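Working notes, beginning with the structure itself.
Note that the structure is a prediction, hence the values are computed from the model and not measured.
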Protein chains: 2
Amino acid sequence: MGHEVLAAVLQIRDDTLQVLLWQRAQQPDLDRWALPGGRLGATEDVQTSVLRQLADKVDLREVAHVEQLGVFSAPDRVPGIRLVATAFLGLVRCDADPTVPADTRWHPVAELPPTAFDHAAIVRDARERLRAKLSYTNLGFALAPDEFTVSALRDLYVSALGHPVSATNLQRVLARRGVLVPTGRVAPPGPAGGRPAALFRFAERHLRVTDASAVLRPPSAAE
Amino acid sequence: MGHEVLAAVLQIRDDTLQVLLWQRAQQPDLDRWALPGGRLGATEDVQTSVLRQLADKVDLREVAHVEQLGVFSAPDRVPGIRLVATAFLGLVRCDADPTVPADTRWHPVAELPPTAFDHAAIVRDARERLRAKLSYTNLGFALAPDEFTVSALRDLYVSALGHPVSATNLQRVLARRGVLVPTGRVAPPGPAGGRPAALFRFAERHLRVTDASAVLRPPSAAE
DNA sequence: TCAAAAGTGTTCTAGCTACACCCATGG
DNA sequence: CCATGGGTGTAGCTAGAACACTTTTGA
């Protein structure tokens with residue numbers, strides 16, 4: 001019984017949520033597109049393994065966030081052999097442009113090419129996880145550059161969430177929660193003019209739950 | 001490389017959140033307490049496997065809810081061999097009293113006996129998952145009997161969450177969300193008298209997210 | 001002076017908390 | 001009639017949504 005790790009690496013490219021896939025050159029599922037990953041090594045845990053595989057196989061070292069999605073273990077998920085997979089969500093900042101091998105390409109999550117095995121389901125789970133966590137954590141840090149304007153950040157959220165987001169309210173919500181802090185600098189206006197936008201950065205660049213609005217919380221959980 | 005499944009089965013017993021453990025009779029970790037589980041079979045996925053193992057090994061068929069917690073894969077998590085584990089959270093209703101084997105016992109989650117391998121970490125994750133999901137889903141159905149009073153339900157929530165919960169507000173929140181429905185019947189008062197309590201049941205007995213209060217939700221998400 | 005883009009002020013509302021008060025029962 | 005536990009009414013608070021209005025730039 002083998003164990004592999006797979007990563008659904010997502011990035012906003014051209015205002016579109018995309019996932020990194022490589023095209024298989026052998027059977028089974030010849031020519032279909034697959035998630036990067038590989039066999040779990042003898043001396044590593046699954047998270048170490050997935051980071052190693054991304055670095056080795058697709059030369060991807062700039063992963064801003066990685067988390068486990070779950071185990072995919074249907075007995076027939078890979079024909080011929082028994083292979084259990086631990087799937088991960090990986091996020092790459094939109095200002096990174098890693099060079100990837102020739103057989104590897106970014107594809108819009110909304111219109112996947114023919115995919116190998118159960119990898120389409122893993123991509124779906126990854127997108128759902130990203131969407132959910134964007135709204136109650138500071139996970140945006142893994143999509144955004146170091147410094148950005150609120151409207152640039154809004155565009156990232158729109159691309160990831162797939163529905164309109166108000167820049168006004170986005171700023172207020174994230175500022176109130178202490179997720180965003182102003183850098184004091186401003187970005188030059190575009191060619192059409194307009195007021196220069198203030199630049200912000202994320203207060204923290206590791207995952208934190210920012211909306212503890214889960215009801216039934218402990219009484220008087222004063223900060 | 002082997003693969004096992006492990007279940008942290010939780011139940012509220014005597015107003016205390018408890019977990020089902022069995023005492024190991026051989027090395028390694030002789031006499032320490034372990035989670036039920038076992039090797040993944042060749043023709044089953046991990047969820048099927050964990051349900052089978054619970055039924056076979058601890059004769060536990062009355063599991064109201066099961067969900068994956070994640071993969072535990074540190075290379076040295078089990079001495080001697082490489083064994084990757086998929087951990088599950090299982091919940092048993094408080095009115096069930098399954099008969100378990102002689103080497104198996106319920107233990108309060110807050111004061112675990114000496115545990116085997118990395119099982120204590122799995123129990124911690126299970127408790128955290130339960131606490132989190134109680135507040136934004138209808139997961140209470142997996143702890144409560146078919147019919148119950150609001151104060152009985154409150155006691156379950158208090159035991160699981162570890163902090164006081166107002167029965168008044170619990171009822172209102174769950175009623176507003178359509179999670180609880182009155183059965184029209186009442187429970188007899190206790191020996192000290194008091195108004196008879198109305199009986200409720202959960203509207204659905206499978207997991208549903210009831211608090212979509214994740215901010216940044218789509219605009220005008222009218223029911 | 002005007003258009004474009006950014007940012008602020010203000011109002012509205014849903015949903016939850018807190019707490020007072022009323023109800024139904026046993027002794 | 002009173003203690004005990006259950007249930008309801010209601011006021012207040014907080015966070016977010018919506019939208020009008022002001023600010024700062026380029027042409």
Side-chain angles (χ1 to χ4, degrees), chain A residues 134-137 147-158 161 163-200 209-223, chain B residues 134-137 147-158 161 163-200 209-223:
Chain A
L134 271 184
S135 69
Y136 67 90
T137 71
E147 258 192 350
F148 47 84
T149 66
V150 170
S151 49
L153 185 65
R154 189 260 316 268
D155 292 343
L156 293 178
Y157 275 70
V158 168
L161 296 173
H163 63 73
V165 174
S166 147
T168 296
N169 292 331
L170 183 68
Q171 184 191 23
R172 266 211 267 260
V173 168
L174 297 185
R176 172 164 39 209
R177 292 178 177 175
V179 172
L180 292 189
V181 291
T183 65
R185 308 202 303 163
V186 293
R195 175 172 169 174
L199 288 169
F200 292 81
V209 174
T210 56
D211 179 19
S213 96
V215 100
L216 310 175
R217 59 178 162 280
S220 69
E223 188 87 353
Chain B
L134 272 184
S135 69
Y136 68 91
T137 71
E147 258 192 350
F148 47 84
T149 65
V150 170
S151 48
L153 185 66
R154 190 261 314 268
D155 292 344
L156 293 178
Y157 275 70
V158 169
L161 295 174
H163 62 73
V165 175
S166 146
T168 298
N169 293 330
L170 183 68
Q171 184 191 22
R172 265 212 268 261
V173 167
L174 297 186
R176 171 165 41 209
R177 292 178 177 175
V179 173
L180 291 189
V181 290
T183 65
R185 308 202 303 162
V186 293
R195 174 171 170 177
L199 288 169
F200 291 82
V209 174
T210 56
D211 179 19
S213 96
V215 101
L216 309 174
R217 58 178 162 281
S220 70
E223 190 91 351

Can you tell me how far [atom2] of [Y] sits from [atom1] of [X], rounded to the nearest 0.5 angstrom?
| X | Y | atom1 | atom2 | value |
| --- | --- | --- | --- | --- |
| B:Arg172 | B:Leu174 | CZ | CG | 12.5 Å |
| B:Asp155 | B:Leu170 | CG | CG | 10.5 Å |
| B:Leu161 | B:Arg154 | CG | CZ | 12.5 Å |
| A:Thr210 | A:Arg176 | OG1 | CZ | 12.0 Å |
| A:Arg185 | A:Leu199 | CZ | CG | 6.5 Å |
| B:Gln171 | B:Leu180 | CD | CG | 7.5 Å |

Starting at [atom1] of [X] and ending at [atom2] of [N], how long is that distance when rounded to a whole Å?
| X | N | atom1 | atom2 | answer |
| --- | --- | --- | --- | --- |
| A:Tyr136 | D:dG16 | OH | P | 16 Å |
| B:Leu174 | C:dG15 | CG | P | 14 Å |
| B:Asp211 | D:dA15 | CG | P | 15 Å |
| B:Asn169 | D:dT10 | CG | C1' | 13 Å |
| B:Gln171 | D:dG9 | CD | P | 11 Å |
| B:Arg185 | D:dG6 | CZ | C1' | 18 Å |

* If you look at every heavy atom in B:Asn169 and B:Ser166, which pair is closest and at what distance? ->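 Shortest heavy-atom separation between B:Asn169 and B:Ser166 comes out as N-OG, 3.0 Å.
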
* B:Arg176 vs C:dC16: side-chain N/O to OP1/OP2 distance below 4.0 Å ->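 Checking B:Arg176 against C:dC16: at least one side-chain N or O falls below 4.0 Å of OP1 or OP2.
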
* Are any of B:Arg177's side-chain N or O atoms less than 4.0 Å away from OP1 or OP2 of C:dC16? ->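 True: B:Arg177 side-chain N/O within range (under 4.0 Å) of C:dC16 OP1/OP2.
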
* Consider the side chain of A:Ala197, meaning its heavy atoms from C-beta on, and name the nucleotide among C:dG15, C:dA6, D:dA18 that approaches it most closely. =>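 The listed nucleotide nearest to A:Ala197's side chain is C:dA6.
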
* Classify the side chain of B:Arg172 versus the base of D:dG9 as yes if they form a donor-acceptor pair under 3.5 Å and no if they do not. =>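 Answer yes: a donor N or O sits under 3.5 Å from an acceptor.
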
* Report which part of the nucleic acid B:Ala198 touches: base, sugar-phosphate, or nothing (heavy-atom distance under 4.0 Å, all strands). =>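 The answer is sugar-phosphate, as B:Ala198 gets under 4.0 Å only of primed atoms, P, OP1 or OP2.
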
* **Of B:Phe200 and A:Thr168, the one whose closest DNA chain D nucleotide lies more 5'** =>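 Counting from the 5' end, the first nearest nucleotide belongs to B:Phe200.
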
* **Base versus backbone protein contacts along nucleotides 22-27 of chain D [heavy-atom cut-off under 4.0 Å; B, S, -]** => -BBBSS

